[in-house]
Amino acid sequence: MPSSRRGAVLAASATALLLALTTTACGGADSGDGGKGGKVRVRIAYQAIPNADLVVKNQKLLEKALPDAEVSWVKFDSGGDVNTAVIAGSVDLGLLGSSPVTKGLSAPLDIPYKVLWIHDLIGDNEALVAKKDIASVAALKGRKIATPFGSTAHYSLLVALESAGLEASDVTLVDLQPQDALAAWQRGDIDAAYVWTPSLTELKKDGKVLVSSREIAAKGKPTADLGVVTDAFAAKHPEIVDTWLKAEDQAVKLAKSDPAKAAVAIGAELNLSPEEARKQLAELVLLTAEEQQGAQYLGKPGAPGALAANLHDAAVFLKGQKAIDAVPDRSVFEKGLALKELARVAG
């Protein structure tokens with residue numbers, strides 16, 4: 001696609017998103033009511049990521065704790081898609097990466113949601129894989145690389161290129177979801193891909209890992225999968241938000257104390273063997289509610305944690321890549337942390 005055409009498409013998409021957001025701000029947002037039989041509707045966006053969120057889904061922890069609510073889980077392929085769904089008023093809670101959250105809290109999106117949970121700190125489960133004849137990131141110059149645009153993988157890929165002395169213009173970037181990137185890899189259409197498991201696992205079978213997100217984090221650019229809740233839903237249903245947090249905390253504690261049992265649930269959701277699911281689970285860092293109150297993570301009311309600074313740093317980088325219009329003040333990201341909600345359940 002010619003760059004002018006692509007720019008036009010992006011401009012049209014941004015306009016549509018802004019119109020949707022304007023409608024939401026004027027009262028069009030659905031804060032969760034309207035379920036069958038008058039039940040409160042709880043709509044959750046999830047992704048195929050081998051963390052404790054899939055334990056909550058598989059074990060129906062939320063449904064058991066909320067028998068009078070209508071809980072629905074909606075699968076998405078990327079955080080960018082989750083952002084679009086939130087803007088459209090289609091979901092109340094959701095999982096998306098720190099890069100999409102940064103974009104969501106920045107102009108022009110300015111999505112009215114807050115981060116209330118860290119699903120995982122991304123490690124070796126997200127990586128840049130290249131054909132085996134490509135020896136380094138620097139050797140990718142002039143090559144074709146796939147990644148889901150706007151995702152944590154996209155952000156980490158740009159960091160990796162910059163660290164190797166390359167600019168995005170030195171390679172051909174292709175916007176593909178993980179499964180589509182895998183298909184393109186198998187057809188020989190691309191030279192490398194930066195994606196996450198389970199697609200990453202397949203890529204590694206005949207490819208070479210050049211750098212992982214764990215290594216990118218060690219360079220001062222950490223990424224994470226985050227849980228968000230819309231401001232409207234949090235204000236109207238604080239008890240459901242508390243229940244959701246407790247369910248996530250319960251699932252994390254299970255994954256830490258009995259990873260084999262958690263892996264069975266995760267494997268069932270991802271169509272993986274328990275052994276493979278446990279291996280992928282181990283590539284992530286999971287945190288309990290109490291741990292997430294630490295200064296290096298979400299923090300506590302009155303004392304926002306380092307996550308706000310990490311999101312701000314990501315915004316600076318994304319602005320440099322022209323992925324957002326402007327870098328919000330750090331206070332925007334501090335206000336974007338649902339610290340009171342977390343404190344209610346963490347103690």
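Around CG of D133, the count of heavy atoms belonging to other residues, nucleotides or ligands within 6.0 Å exceeds 12. Counting heavy-atom neighbours within 6.0 Å of K204 NZ, excluding the residue itself, gives a total above 12. Atom CD of Q296 has more than 12 heavy atoms from other residues, nucleotides or ligands within 6.0 Å.
When all heavy atoms of A326 and P328 are compared, the closest pair comes out as O-CD, 3.3 Å. The two residues A224 and I118 have their closest heavy-atom pair at CB-CG2, 4.3 Å. Residues A255 and A262 approach most closely at CA-CB, 3.7 Å, considering heavy atoms. Contact record, A146 with L176: CB-CD1, 3.9 Å, taken as the closest heavy-atom pair. Nearest heavy-atom pair across L298 and L307 is CD2-CD2, 3.6 Å. Smallest separation of non-hydrogen atoms from L318 and S99: CD1-OG, 3.9 Å.
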| task | For the pair K131 and K208, evaluate side chain to side chain contact (heavy atoms under 4.5 Å, CB included) and give the outcome as yes or no after the intermediate values. | result | CA-CA 6 Å; K131 297 297 184 181; K208 176 181 181 179; over 6 Å; no
Decide yes or no on side chain to side chain contact (heavy atoms under 4.5 Å, CB included) for L342 and Q293, but give the supporting numbers first.
CA-CA 8 Å; L342 178 61; Q293 285 195 299; 3.9 Å; yes
(Q) Under the criterion salt bridge (charged side-chain N to carboxylate O under 4.0 Å, His left out), I'd like the reasoning laid out for K141 against E167: C-alpha separation, chi angles, the key distance, then a yes or no. (A) CA-CA 9 Å; K141 185 173 183 178; E167 296 182 4; over 6 Å; no
Would you please test D68 and K39 for salt bridge (charged side-chain N to carboxylate O under 4.0 Å, His left out) and show each step?
CA-CA 6 Å; D68 296 325; K39 290 185 175 183; over 6 Å; no
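Side-chain contact between L62 and T243 is present, with at least one heavy-atom pair separated by less than 4.5 Å. At a threshold of 4.5 Å between non-hydrogen side-chain atoms, the residues V228 and L93 do not count as touching. Residues L245 and L116 form a side-chain contact, since some pair of their non-hydrogen atoms from C-beta on lies under 4.5 Å apart. When side chains are defined from C-beta on, L157 counts as touching L128, because their heavy atoms get closer than 4.5 Å. A heavy-atom distance below 4.5 Å is found between the side chains of Y113 and N83. Taking 4.5 Å as the limit, some side-chain heavy atom of L140 sits within range of a side-chain heavy atom of I134. The side-chain heavy atoms of I266 and N58, taken from C-beta on, include no pair separated by under 4.5 Å. Counting heavy atoms from C-beta on, the side chains of L286 and L121 never come closer than 4.5 Å.
Of the charged side-chain nitrogens involved, none lies within less than 4.0 Å of a carboxylate oxygen, so that K221 and D313 do not count as a salt-bridged pair. Between K205 and E202, at least one side-chain nitrogen of the basic residue sits less than 4.0 Å from a carboxylate oxygen of the acidic one, meeting the salt-bridge criterion. Ion pair R278/E283 not flagged as a salt bridge, since none of the NZ, NE, NH1 or NH2 atoms sits closer than 4.0 Å to an Asp/Glu carboxylate oxygen. Contact check on K144 versus D191 returns no salt bridge, with no Lys/Arg side-chain nitrogen under 4.0 Å from an Asp/Glu carboxylate oxygen. Taking a cutoff of 4.0 Å between a charged side-chain nitrogen and a carboxylate oxygen, K246 and D242 do not qualify as a salt bridge. Salt-bridge annotation for D189 and R187: present, with a side-chain N of the basic residue lying under 4.0 Å from a carboxylate O of the acidic one. Note on E334 versus R330: salt bridge recorded, some NZ/NE/NH1/NH2 to OD/OE distance being below 4.0 Å.
Distance check, rounded to the nearest 0.5 Å: CD1 of I111 to CG of D231 gives 11.0 Å. A distance of 4.5 Å separates CG of L109 from CD1 of I87, quoted to the nearest 0.5 Å. Expressed to the nearest 0.5 Å, how far CG of L95 lies from CG of N51 amounts to 6.0 Å. Rounded to the nearest 0.5 angstrom, S151 OG and D81 CG are separated by 10.5 Å. To the nearest 0.5 Å, atoms CZ (F149) and CG (D175) are separated by 5.0 Å. Summarising the geometry, atom CG belonging to L96 is positioned 6.5 Å from atom CG belonging to L226; distances are rounded to the nearest 0.5 Å.
Listed for the R214 side chain is no donor-acceptor partner under 3.5 Å among the backbone atoms of L284. Between the side chain of S199 and the main chain of V195, no donor-acceptor pair closer than 3.5 Å is present. A donor-acceptor pair is defined here as one N or O able to donate and one able to accept, closer than 3.5 Å; such a pair exists between the side chain of K64 and the backbone of Q59. Using a distance-only test at 3.5 Å, with no hydrogens or angles considered, no donor-acceptor pair links the side chain of D329 to the main chain of V332. The backbone N or O of V86 lies less than 3.5 Å from no partner atom in the side chain of S90, so there is not a single donor-acceptor pair.
In the hydrophobic clustering of this structure, V115 does not group with V327; members are Ile, Leu, Val, Met, Phe, Trp, Tyr whose side-chain heavy atoms approach within less than 4.5 Å, directly or through other members. Hydrophobic clustering (ILVMFWY, side-chain heavy atoms < 4.5 Å, transitive): I240 and V91 are in one cluster. Taking hydrophobic clusters as Ile, Leu, Val, Met, Phe, Trp and Tyr residues chained together by side-chain heavy-atom distances below 4.5 Å, W244 shares a cluster with V345. No continuous path of hydrophobic side-chain contacts links I122 to L210 [ILVMFWY only; heavy atoms under 4.5 Å]. L281 and V285 fall within the same hydrophobic cluster, defined by Ile, Leu, Val, Met, Phe, Trp and Tyr side-chain heavy atoms under 4.5 Å apart, directly or through other members.
Counting only N and O atoms by type, the side chains of Q47 and S78 include no donor and acceptor under 3.5 Å apart. With hydrogens and angles left out, the side-chain atoms of D249 and T288 include no donor and acceptor closer than 3.5 Å. One side chain, W185 or D206, offers a donor N or O that lies under 3.5 Å from an acceptor on the other. Counting only N and O atoms by type, the side chains of Y194 and S213 include a donor and acceptor under 3.5 Å apart. A donor-acceptor contact closer than 3.5 angstrom is absent between the side chains of S212 and E126.
Classification of the H119-W117 ring pair by plane angle, with boundaries at 30° and 60°, yields perpendicular. Relative ring orientation between H312 and F333 is described as perpendicular, the plane-to-plane angle rising above 60° on a 0-90° scale split at 30° and 60°.
A cation-pi contact, defined as under 6.0 Å to the ring centre and within 45° of the axis, is absent between K60 and W73.
Close placement of the Y155 and F317 rings is indicated, their centers lying within 6.0 Å of each other.
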